[in-house]
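First the structure, in the form of C-alpha cells, and then the observations on it.
Here is how names work: the chains are called A, B, and so on, in the same order as the sequence lines, proteins then strands, and each is numbered from 1.
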There are 2 protein chains.
Amino acid sequence: MSPRSPEPRQGRATILDVAAAAGVSRQTVTRAMNDMTGISQATRERVQRIAAELGYTPSRFAKGLVQGARTSIGLAIPDLTNPYFPAFASSVVEAATARGWNVVVDDYGHGTGNALDAAARLAPQVDALIGYLGDHAVAAQAMLGRRPIVGLDDPQAPAAGSISFDYAYAARLGLERLVARGCRSIAFLDSGQGGIAAGRGSAVSAAAAERGLQLLKFAAEPSAVHAREAVTAFLAGKAELDGLLVFNDLMAAGALKALQAAGRNVPGDVAVIGMDGIPLGELVSPELTTLSLDLRSVGRAAVGLLEGLLSGAIEPRASDSALLLRHELVVRQSA
Amino acid sequence: MSPRSPEPRQGRATILDVAAAAGVSRQTVTRAMNDMTGISQATRERVQRIAAELGYTPSRFAKGLVQGARTSIGLAIPDLTNPYFPAFASSVVEAATARGWNVVVDDYGHGTGNALDAAARLAPQVDALIGYLGDHAVAAQAMLGRRPIVGLDDPQAPAAGSISFDYAYAARLGLERLVARGCRSIAFLDSGQGGIAAGRGSAVSAAAAERGLQLLKFAAEPSAVHAREAVTAFLAGKAELDGLLVFNDLMAAGALKALQAAGRNVPGDVAVIGMDGIPLGELVSPELTTLSLDLRSVGRAAVGLLEGLLSGAIEPRASDSALLLRHELVVRQSA
DNA sequence: GTGCGCAACGTGAACGTTCACGAAGAAAGC
DNA sequence: GCTTTCTTCGTGAACGTTCACGTTGCGCAC
C-alpha cells in the first residue's frame, strides 16, 4: 500500500490526491480550482472534473494559514428566542455578508451560560467579536488578545468599540408621552436580570425623579410569559396603575395580555409603552406604542465599527469608537 | 532589524514570538497554553503571563490544520426576521454548542440571494451544513464535496440527511378542525414563494380534495404585512369566507389583523389556523390556533443526524437518514 | 561511581495550501 | 538559426501549530 492511495476512502481528499489523479502538480490544481491564469482551458476542466469526482474541497485551515484571511466574526447574544436579538443578528449577518465575512453565532442563554462562556467558545474561531457582553467585556478582550471587540450596551467599561443607547433620552420620551396622556400612576416593568439590563431601569428612575414623578418599579425575567405573570401579580396588589413603561417589547406584549385578562382596557385604563421597536409590536392588539430603535442601523454600525478597528482606521477606545444611539417614539395604539 | 522582532507591532503574535520572549521553545509554550503536563508550574505561569502581555492567541488555522478539527457547521436559513427561523436556529445552536461545535449562520433572504449563494459562502468555512436548501440541495452537495448536508423540507431530492414534515397529516388535521367548527367556505393562504414552500400548498389541496371540499387558494409573500394586504384584498372580493388556513404563523398574525380591520370577528365569523407553533402565536389576539411543531426537537434532530453522518454511524440517503416529523394541533382561540 | 528513572524542556516532521520563482516548450520576429 | 516572448506547468519555501520523539540534568538506589 503506497502512503497515498489514488482514491483515499477515509479522510478528506487533499490537493495532492487530485494532482496525482490528474497527473499534474499541486500548483496546477490550485490554478484550476481558483480560476487563476497560467493554465490551459482543457487542463482546467479536466482537473475540476477529477476534483469533483474525488469530492475534493480545499482545507480552510491550510488556506487560511497561508493567506491570513480575516473573515470570520463572532456574534454573542443572550437569547435567540427573544425577537430583538434575531432582528439585530439579521442586520449583522447582512452587513457582514456584504463584506464577505462569515458570522459565527453563539446564543449563551441556554441553561446557565453567560457571555463569558460564549466568548470562550468563539475566541478560538473568530477574528473579531460583536456582542452583548455586559460586565464580561474585559475578560472577553483578554481571550481575544489583539482582535477587536465591539460591545453593545456597555457604557461603563466600553470595549475596543462600543454601541450604547441613550436611555436617559428614551426614558424622558416615554414618560413624557405617558404624562401627556394624563397618566398619574406610572409603573416601570424592569428586567429581572442585572448586568447589561440595569441601564434602562436606572435611566427611567432618573427621568422620573427629574420630573418629580412617583414611579413604581417591579421586575420579571425578560420573556413574555414572565412579564405576563408579573403584571398579573402586580394588578392583584393594591397599587393604582394607569401608565406602564416596559423594559422591552416582548415583555410589553406579555403585559398587554395580562392587562386584558384582568379586564383593563389598553390604552383606555392603562397606557403601555414598550422598548426596542421589534416587528412583533405591530402584530399584537392593541398595536404597541414603543421606543423604537432602527435595528438594521445598529447592526450596520456594529459591523462598520469592527471594520474600522480591524483596518486600523479607528482607534480602540477612542471617541469615534463609541457610538451612542437614540430611540425614537413610535406612537401606535397602546399609548 | 531581525526577521522576528521581539514585540511585533503589526500582525498577530505567533507562538515563536512568545517562545523568544520567554526564552523557551515552541513546545513549552504549547504546553503552557494548553495546560499539558511536562512543564513546571513556574514556567507555565511565566509563559502564560508573557503570552497575555503580547496579546498572543493561537492561530485557529494552524491548530485546525494539524489537529484536523471538525467543529464548525453551517446553518443556511432564508430569513432571520421570520420568527420561525431564529426559533429553529436557536435549537440548532444549542444542540451544536452541547457538542462543542460552532455554528456559522447565513441568512440568504437579504436582497436577491438564494440558498445556493449561502451554500457557496458557507462551503469554504464549515465541515457540514444544515439548511433550508430547497432545490439547491444537489448543487450545495457538490460544493460541500464529502461533507454531509442535512436538508430541511426537501422530501423530493433529499440531501445526505433530511428532515421533512408530514404536511398531508397536518393539512388533514387543520381542515378537520375547521370543518368540525362548521366552516363551509374555507380558504388557504399560501406563500407566494415556490420551491421549498410548495409542499404545504399541495398537501392542503390534496387533503381538501380527499374530503370533497371546495378550497379557495390565494397567496402572498411570507411576511405579516404582505399577508395582511393579501387578506384585505381577498375580503374586498366577493368570496365567502368562514375558515382560513394559513401557510405559517407569521402570515396568520397578519391575517388576523386584516380580518379585524375588516370588522370580522375571529373566530366567530372566520376561524383561523396557522402553522409552525412559534411563540408569537400566544401573543396575538385572539391567540392563534396552530399546527405546531416542536422546534427544539427539530434542531436537535438535525444536529443529531449530522453527528451520525459525520461519524459514519448513519449512511447518507439511507432510511434512517430521512426523518419525517408531524405537526400537532394546538387549539387556542382563533379556531 | 555507576546506572536508572523521572521531570523538564527542545527539535524534526507533518498538516494542506499558496506564493514566488524557475523551467520547458512552442510560437514569433529578425 | 538564433534570440525573444509567451504559455503552460513544476518546485522550494513558508504559513503556525501539534505530535512524536530525543535530550539534558538531577536525585536516588545499589
Electrostatic pair A:E53-A:R49, nearest N-O below 4.0 angstrom:
yes

Map B:I39 and A:F61 onto DNA chain C by nearest heavy atom, then report which one ends up closer to the 5' terminus.
B:I39

Taking only the side-chain heavy atoms of [X] (C-beta and beyond), determine which of [options] contains the nearest atom.
X: B:S25; options: D:dG16, C:dT11, C:dC19; result: C:dT11
X: B:K63; options: C:dT17, D:dT8, D:dT18; result: D:dT18
X: B:R31; options: D:dT17, C:dT17, C:dC9; result: C:dC9
X: A:M36; options: C:dC19, D:dG12, D:dT18; result: C:dC19

Mind checking if [X] touches a base, just sugar-phosphate, or nothing, with heavy atoms under 4.0 Å?
X: B:T30; result: base
X: A:T28; result: sugar-phosphate
X: B:T37; result: nothing
X: A:Q27; result: base

Report yes or no: do A:R12 and A:T57 form a side-chain donor-acceptor pair below 3.5 Å?
yes

Could you state the atom-to-atom distance from [atom1] of [X] to [atom2] of [N] in whole Å?
X: A:R26; N: D:dG10; atom1: CZ; atom2: P; value: 11 Å
X: A:L16; N: C:dT18; atom1: CG; atom2: C1'; value: 13 Å
X: B:R44; N: C:dA7; atom1: CZ; atom2: C1'; value: 13 Å

In Å, rounded to the nearest 0.5 Å, how long is the span from OG1 of A:T43 to CD of A:Q48?
11.0 Å

